[in-house]
Protein chains: 2
Amino acid sequence: MASIKDVAAEAGVSVATVSRVLNDHPSVSPAARATVLAAVETLGYRPNAVARSLRTDQTRTLGLVISDVLNPYFTELARSVEEEARALGYSVIIGNADERPELQDHHVRTLLDRRIDGLLVSPTDGSSPLMLDTARAGTPMVFVDRWIPGMDVPVVRADGRTAIHNLVTHLHTLGHRRLAIIAGPAATTTGSERVAAFREALQEYGLPLPDAYIGQGDFQAASGRRVTEEFLDLPEPPEVVFAADNLMALGALDAIRARGLRVPDDIALAAFDDIAWFVHTDPPITAIAQPTPELGRAAVRALVDRIEGRPPQSVTLPARLVVRQSCGEPVPPQPSPPPHSSPQRSNT
Amino acid sequence: MASIKDVAAEAGVSVATVSRVLNDHPSVSPAARATVLAAVETLGYRPNAVARSLRTDQTRTLGLVISDVLNPYFTELARSVEEEARALGYSVIIGNADERPELQDHHVRTLLDRRIDGLLVSPTDGSSPLMLDTARAGTPMVFVDRWIPGMDVPVVRADGRTAIHNLVTHLHTLGHRRLAIIAGPAATTTGSERVAAFREALQEYGLPLPDAYIGQGDFQAASGRRVTEEFLDLPEPPEVVFAADNLMALGALDAIRARGLRVPDDIALAAFDDIAWFVHTDPPITAIAQPTPELGRAAVRALVDRIEGRPPQSVTLPARLVVRQSCGEPVPPQPSPPPHSSPQRSNT
DNA sequence: CTGAAAGCGCTTACAG
DNA sequence: CTGAAAGCGCTTACAG
C-alpha cells in the first residue's frame with residue numbers, strides 16, 4: 001500500500017508538502033497542490049488513519065456501548081447515532097453489552113485502548129468502577145437512554161412518566177383495576193424509573209401495586225415469558241400486564257399464547273417501546289413510543305460538543321402513548337392506518 | 001494517559017522489556033516481569049492500540065459491511081459475527097450501507113483507511129469497482145449472505161432453493177395457483193436467486209409466473225407496501241404474495257390491512273427470513289428461516305483463516321420452511337408452541 | 001535476559 | 001511556499 005513517501009517521490013516534493021495538500025493547509029502553491037493530487041491519483045494513495053491518529057492524538061471515532069443490539073430500540077438508536085456521527089465527520093464503533101456488565105466493561109476497555117475520541121453509553125448496570133475511572137480520566141462521555149446516577153456526565157434520554165400516566169388512565173378507563181408490570185433490572189435507570197412512574201400513576205387512581213404484581217425481568221424476551229407465567233399462576237392474576245420493553249412484551253405474548261389465553265379478552269398487554277410489528281400482532285399492541293432517532297442525534301451532538309470543547313447539553317425528550325387494541329375496547333377500524341417507512345418507526 | 005515509557009521508568013527497566021512482558025515474550029526474567037506488572041498496575045497502564053497497530057501492521061479488527069442494520073436478519077448476523085470475532089481475538093467495526101451503494105463504498109473506504117485486517121461484506125449491489133480493487137489489492141475478504149459473481153472471494157450463505165420449493169409445494173397443496181413474489185433488487189444475488197428458485201418451483205407445478213406477478217422491491221418495508229398495492233390493483237390479483245425478506249412482508253401486511261383485506265382468507269402471505277414476531281402476527285406468518293448465527297460464525301472463521309494464512313472455505317447452509325397460518329389451512333392449535341429465546345431466533 | 005536504536009506513517013513547529 | 005527533522009507509542013532485530 002502506497003505511503004506518503006511514495007506520493008512525495010512520485011510528485012517530486014517532500015512528505016511535508018504532501019501532508020499539507022492532504023490536509024488542505026493554506027500555504028501550498030497551486031502548482032505543488034496539482035502535482036501532489038496527480039500523484040495521489042496515479043498511486044491510488046489513501047492516508048493511513050492509524051498513523052494519523054497516533055500523530056494527532058485523535059481518531060475521529062466515537063464508541064457506542066449499548067446494552068443489547070438485538071433490541072430494535074437499540075438498533076434504531078445505533079443507526080441514528082452512526083448517521084449523525086457521520087454527518088459530523090466521525091465514525092462509530094459499536095459495542096454490544098448484551099445486558100452483561102463484564103461484556104460492557106470489555107467493550108469500554110477495548111474502545112479506550114483504541115483511543116476513541118468519546119464514549120456514548122447506555123449502561124447495563126447501576127455503576128461500574130471502570131465507567132467512573134473513565135469519566136474521571138477525562139474521557140468525553142455521554143449517557144444515552146440509561147445513565148448512572150451521581151456521575152457528572154450529560155444524559156440524553158426520553159421521559160416516559162407522562163406517557164405511562166396516560167397509559168394508566170387508559171387502562172383505568174377501560175375498567176382494569178389489577179395492573180402488573182414486568183420491570184427491567186432495578187440497577188438500570190430505565191428499569192427502576194418505569195416501575196416508579198407506573199406506581200405513581202396507579203396511586204393517583206387509588207390502585208395498589210402489590211409486590212406480586214411487580215415481576216423482575218431483564219429486558220429480554222425469556223424473562224418476559226417467565227414473569228408472565230408467574231403472573232398467570234397467581235391465585236388472582238392481573239388483568240393487565242405492562243412490559244417495560246418490547247422484548248419482554250414478546251415473551252409475555254409467548255406465555256399468554258402457550259396457555260391458550262387471548263389478548264385482551266383474558267388479559268391485557270401494553271409495552272414500553274414501540275416497534276413496527278406491533279401494528280400487526282394479534283391484537284395490535286398498545287405501546288409507549290420514544291423519539292429514538294432524535295435521541296441518537298442529540299446524544300452525538302452532545303458528545304461532539306464535549307469533544308470539541310463546547311459545553312455539552314443534557315436532553316430529555318417526551319415519550320408518548322400509542323393506543324391500539326391490546327388493552328380492550330377495540331378501536332374502530334381505521335380505513336387506512338398511517339404507513340410507517342421503517343421497521344422500527346413508531347406508528348399512529 | 002500513561003505510556004510505555006512511564007511504565008519503564010516506574011519499573012526501572014527499558015521500554016523493550018516492558019513491551020516484552022506485555023506481549024508474553026518468553027525471554028524475560030521472572031523478576032523483571034514482576035516489577036513491570038506492578039508498574040503497569042500502579043499506573044493503570046493500557047497499551048495504545050493505535051501505536052501497536054502502526055508498528056505491527058495489524059489492527060486485530062474486522063470490518064463488516066452490511067446492507068441494512070435495521071433488518072433483524074442483519075442485526076442477528078452482525079451479532080454472531082461480533083461474538084465469533086471476539087472469541088478469536090478480533091474486534092469488529094460495522095458499516096451500515098442502508099442498501100445504498102455509495103454508502104457501502106464510503107464504509108469500505110473508511111474501513112480500509114483504518115487498516116482493518118479483513119473485510120466481511122454483504123454487497124448492496126452486483127458489482128462495485130472499489131470492491132474489485134480491494135480484493136485485487138490483497139485485502140482479505142469474505143462475502144456473507146450476498147456476493148458478487150465472478151469475484152474470487154469465499155462466500156458464506158444460506159441456500160433457500162429447497163425451502164422455496166417446499167413453500168411452493170405447500171401453497172399448491174392448499175389450492176393456490178396464482179402466486180406472486182416481491183423480489184429484492186435484481187442486482188443482489190439474494191434478490192435474483194429467490195425469484196429464480198420461486199420460478200423454477202412454479203414451473204414444476206406447471207404454474208406460470210407472469211411479469212405482473214413479479215414486483216420489484218428493494219428489501220425495505222415501503223417497497224413491500226407499494227408492490228402489494230400494485231398486486232391488489234391487478235384485474236386478477238394473486239392469491240399468494242411471497243415477500244423475499246421480512247421487511248417487505250411487513251410492508252405487504254401494511255398494504256393488505258389498509259385495504260381492509262384479511263390474511264389468508266383474502267390473500268395469503270409468506271416471507272423469506274423468519275423473525276420471532278411472525279409467531280404473534282395476525283395470522284402467524286409462514287416463513288423461510290436461515291441459520292443466521294451459524295452463517296455469521298462461519299463467515300468469521302473463513303475470514304480469519306484467510307487473514308492468518310490458512311485456506312478459507314466457502315460455506316453454504318440450507319434454509320428451511322416454517323409453516324404457520326398465513327397461507328391458509330389453519331394448523332391445529334398447538335397447546336404449547338416451542339418458545340424462542342431471542343427476538344430473531346426462528347420458531348417451530 | 002536486557003537495552004539502545006530503528007522504524008511504522010503520519011503532522012507540524014521551525015527555519016529559510 | 002517549502003523541506004528537514006522531531007516525535008506520537010509502540011515492537012523487534014541486533015548486539016551484548
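By convention in this document, chain letters (A, B, ...) are assigned in the order of the sequence lines, proteins followed by strands, and residues within each chain are numbered from 1.
- Between the C1' atom of dT11(C) and the CZ atom of R55(A) lies a distance of 4 Å, rounded to the nearest Å.
- Rounded to a whole Å, the CG atom of D6(A) is 11 Å from the P atom of dC8(C).
- Between T17(A) and dG3(D) there is a side-chain polar atom (N or O) within less than 4.0 angstrom of OP1 or OP2.
- Between I4(A) atom CD1 and dT12(C) atom C1' there is a gap of 12 Å when expressed in whole angstrom units.
- Comparing A32(B) and L54(B) against DNA chain C, the residue whose closest nucleotide sits nearer the 5' end is A32(B).
- The CD atom of Q58(A) sits 16 Å away from the P atom of dC10(C) (whole-angstrom rounding).
- A close approach under 4.0 Å does occur between a side-chain nitrogen or oxygen of K5(A) and OP1 or OP2 of dC8(C).
- Heavy atoms of D57(A) sit nowhere under 4.0 angstrom from any nucleic acid atom.
- Across all strands shown, S3(A) has heavy atoms under 4.0 Å from sugar-phosphate atoms exclusively, and none from any base.
- Residues L295(A) and L317(A) are in side-chain contact: their nearest non-hydrogen atoms beyond the backbone lie under 4.5 Å apart.
- A salt bridge links R146(B) with E99(B): at least one charged nitrogen is closer than 4.0 Å to a carboxylate oxygen.
- Separating the OH atom of Y45(B) from the P atom of dG9(D) is a distance of 10 Å, rounded to the nearest angstrom.
- Note: CG (L22(A)) to C1' (dT12(C)) measures 14 Å, nearest angstrom.
- Side-chain nitrogen and oxygen atoms of N48(B) include none within less than 4.0 Å of the OP1 or OP2 phosphate oxygen of dC8(D).
- The phosphate of dT2(D) has OP1 or OP2 within less than 4.0 Å of a side-chain N or O from S29(A).
- Annotation: of the two residues near DNA chain D, V15(A) and V28(A), the 5′-most nearest-nucleotide partner is V28(A).
- Across the interface with DNA chain D, nearest-nucleotide mapping of P26(A) and V18(B) shows P26(A) to be the residue nearer the 5′ end.
- The same atom, P, is picked in dT2(D) and in dA6(D); the two are 22 Å apart, to the nearest Å.
- The residue S27(A) sits close to a base: some heavy atom pair falls under 4.0 Å.
- When the C1' atom of dT11(D) is taken as reference, atom CZ of R20(B) falls 9 Å away, rounded to whole Å.
- dA15(C) and dT11(C) have their P atoms separated by 22 Å, given to the nearest Å.
- In this structure, NE2 of H25(A) is placed 9 Å from P of dC1(D), rounded to the nearest angstrom.
- Between V40(A) and L22(A) there is a side-chain heavy-atom pair separated by less than 4.5 Å.
- At the heavy-atom level, S19(A) lies under 4.0 Å from base atoms of the strands shown.
- dA4(D) is unpaired under the criterion used here, namely a Watson-Crick or G-U wobble arrangement in which both key atom distances are under 3.5 Å.
- No hydrogens or angles considered: nothing links the side chains of S53(B) and R60(B) as a donor-acceptor pair under 3.5 Å.
- Side-chain contact between R52(A) and Q58(A) is absent, with no heavy atoms from C-beta onward closer than 4.5 Å.
- Note on D113(B) versus R46(A): salt bridge recorded, some NZ/NE/NH1/NH2 to OD/OE distance being below 4.0 Å.
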